[in-house]
There are 2 protein chains.
Amino acid sequence: MREPSPDKQEAILATALTLFTERGFAGTPTSLISKEAGVATGTLFFYFRTKEDLIDTLYRRVKSEAAQAMCQGLDKEKTAKDKLRRLGKNAAGWGIQNPAKLKFMEQFAYSPFVSTSAHEEGMSHFLFLEDLVRDGIRNGEIRDVDPSGLFCIMASALSGLIAHALLTDDPAEREKIIGNGLDFIWFGMKA
Amino acid sequence: MREPSPDKQEAILATALTLFTERGFAGTPTSLISKEAGVATGTLFFYFRTKEDLIDTLYRRVKSEAAQAMCQGLDKEKTAKDKLRRLGKNAAGWGIQNPAKLKFMEQFAYSPFVSTSAHEEGMSHFLFLEDLVRDGIRNGEIRDVDPSGLFCIMASALSGLIAHALLTDDPAEREKIIGNGLDFIWFGMKA
DNA sequence: CACCATATTGACTGACTAGTCAATTTACGC
DNA sequence: GCGTAAATTGACTAGTCAGTCAATATGGTG
């Protein structure tokens, strides 16, 4: 017997992430991915049935990693306000530390290449956020409007905020941008 | 002599918009575009040097149309608050009336297929918005934080809001979602 | 060591696609 | 109606790319 090598699969995924981010999806042939990953064409198709399968796997992974990063220490916070602020800081921190993964998510979130099921699985990681908003409304911290709408705008605003924070290299400047942005979001939501 | 036919060029652009929205950019061969537009392959390349040129032209058009729609009646409003609300309503209205164009813009805003110059031209239509925010800060209506950051978050939030409003078919429901969303944005910005 | 299931290879294929061009049609001025 | 310059055509080309497969290397097991 011989076991599948996690190394090669990881190499393929990592290389694909970089190349997709730099050259876009359609601009990155599988031949280039395998070449850069130091692997034969056939090996790529041994680990991933199709190119689409590779993309999907990558998308699922990155999305789930992002979701996990966002939850970090969330249960330590008591109020909805503090939870949301922690969440925002986590998200911004992860985005700034992982610009390639962020760009990948942005670039392909709307892409027809990513299967519907991957999209749905991607969203499922963030459903707990809606509950968070719901709780905040119940105890009067958050304005009483449709929670899914609130959540949707909040997510977009956060994504715009991170994109804007990435424009500067100065960490202090970034901190300030993120602080102001999170204020914006909180003032928009609070009761 | 013989003049270029605006009809054919328009047909190509309109067909391309629909197909790109439905099938994505890479998934839409030029042969299909010309076929659906009722035109020969060569005609497409008579009006557009390359496929990229076609995309760019379409992107510029849609972006400029959107910008124009957003400005409608903006100078009628006096306060920054009213201007922003009018702007938001215009944007939401246009997006809801033109879902295909909106989807096209969303889908390709981050795409590497759209040239950098087209991106820049696209943004230039919206620079006046930053001035609007700046004015609001100067007369104390809007919180005194970096205007470009504020503008950036505002734009993202607005885009998320429209996407969410498009999920329902009920016009009254939509009106409510948009109203709530614009409240969110305004509470986030006001001094 | 010998066996064998599995991982890995890379040349190859079939399908597809952006863009070309020589031939043909069109419509306008004279 | 004739000449002409530009518009339109579509078969064709040169190249690319996802995915295959027969051959080979690898490493665990008995």
Side-chain angles (χ1 to χ4, degrees), chain A residues 1-60 104 107-108 111-115 117-118, chain B residues 1-60 104 107-108 111-115 117-118:
Chain A
M1 293 247 205
R2 204 182 153 192
E3 292 300 307
S5 146
D7 288 4
K8 305 230 163 180
Q9 199 174 355
E10 287 315 309
I12 292 167
L13 284 168
T15 309
L17 174 68
T18 311
L19 289 174
F20 286 151
T21 305
E22 283 167 1
R23 314 165 43 105
F25 180 77
T28 322
T30 52
S31 58
L32 185 64
I33 299 172
S34 48
K35 193 179 163 192
E36 294 279 309
V39 143
T41 325
T43 307
L44 191 152
F45 288 98
F46 177 77
Y47 286 104
F48 306 96
R49 281 196 338 283
T50 61
K51 187 182 182 180
E52 208 188 312
D53 183 31
L54 168 59
I55 310 270
D56 273 15
T57 307
L58 201 49
Y59 186 75
R60 281 173 220 266
F104 176 83
Q107 204 163 349
F108 297 110
S111 164
F113 284 114
V114 178
S115 74
S117 75
Chain B
M1 292 245 207
R2 206 184 153 192
E3 292 300 307
S5 143
D7 287 4
K8 306 229 162 180
Q9 200 175 356
E10 289 314 311
I12 292 166
L13 284 168
T15 309
L17 174 69
T18 310
L19 289 174
F20 286 150
T21 304
E22 282 167 2
R23 316 166 39 107
F25 180 78
T28 327
T30 51
S31 58
L32 184 65
I33 299 171
S34 49
K35 192 179 164 193
E36 293 280 307
V39 142
T41 325
T43 308
L44 191 152
F45 288 99
F46 177 77
Y47 285 106
F48 306 96
R49 280 197 339 282
T50 61
K51 186 181 181 179
E52 209 187 312
D53 184 31
L54 168 60
I55 310 273
D56 274 15
T57 308
L58 200 51
Y59 187 74
R60 283 173 219 268
F104 177 83
Q107 204 164 348
F108 297 110
S111 163
F113 284 114
V114 178
S115 74
S117 76

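In what follows, chains are A, B, ... by sequence order, proteins preceding strands, each numbered from 1. Not measured: the values here are computed from a predicted model.
Checking the phosphate oxygens (OP1, OP2) of D:dT26, no side-chain nitrogen or oxygen of A:Lys8 falls inside 4.0 Å. For C:dA7, neither phosphate oxygen OP1 nor OP2 lies less than 4.0 angstrom from any side-chain nitrogen or oxygen of A:Tyr47.
Residues meeting the ring pair (Phe, Tyr, Trp, His ring centres under 6.0 Å) test with B:Phe45, sequence neighbours left out: none. A:Thr18 is linked by a side chain to side chain contact (heavy atoms under 4.5 Å, CB included) to A:Glu22, counting only residues two or more places apart in sequence or in another chain. For B:Phe48, there are no ring pair (Phe, Tyr, Trp, His ring centres under 6.0 Å) partners two or more places apart in sequence or in a different chain.
As a whole-Å value, the separation of B:Asp7 CG from D:dT8 C1' is 14 Å. Separating the CG atom of B:Leu44 from the P atom of C:dT20 is a distance of 12 Å, rounded to the nearest angstrom. Between B:Phe46 atom CZ and D:dG10 atom P the separation is 16 Å, expressed in whole Å. The separation between A:Phe48 atom CZ and C:dT8 atom P is 12 Å, rounded to whole Å.
Considering OH of B:Tyr59 and CD of B:Glu52, their distance stands at 13.5 Å, rounded to 0.5 Å. The distance from atom NZ of B:Lys8 to atom CG of B:Leu13, rounded to the nearest 0.5 Å, is 14.5 Å. Separation of atoms CZ (B:Arg49) and CG (B:Asp56) is listed at 9.0 Å; rounding is to 0.5 Å.
A heavy-atom distance below 4.5 Å is not found between the side chains of B:Phe20 and B:Gln107.
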Report all interatomic pairs (protein N or O, nucleotide N or O of nucleotides 21-24 of chain D) with separations under 3.5 Å.
none

Please write out each protein N/O paired with an N/O of nucleotides 15-18 of chain D under 3.5 Å, distance rounded to 0.1 Å.
| unit_1 | atom_1 | unit_2 | atom_2 | d |
| --- | --- | --- | --- | --- |
| D:dA18 | OP1 | A:Lys51 | NZ | 2.7 |
| D:dA18 | OP2 | A:Thr30 | N | 2.7 |
| D:dA18 | OP2 | A:Thr30 | OG1 | 2.8 |

Contacts table for residues 27-44 of chain B: side-chain donor-acceptor under 3.5 angstrom, sequence neighbours left out:
| unit_1 | atom_1 | unit_2 | atom_2 | d |
| --- | --- | --- | --- | --- |
| B:Thr28 | OG1 | B:Gly24 | O | 2.4 |
| B:Ser34 | OG | B:Thr30 | O | 3.1 |
| B:Ser34 | OG | B:Ser31 | O | 3.0 |

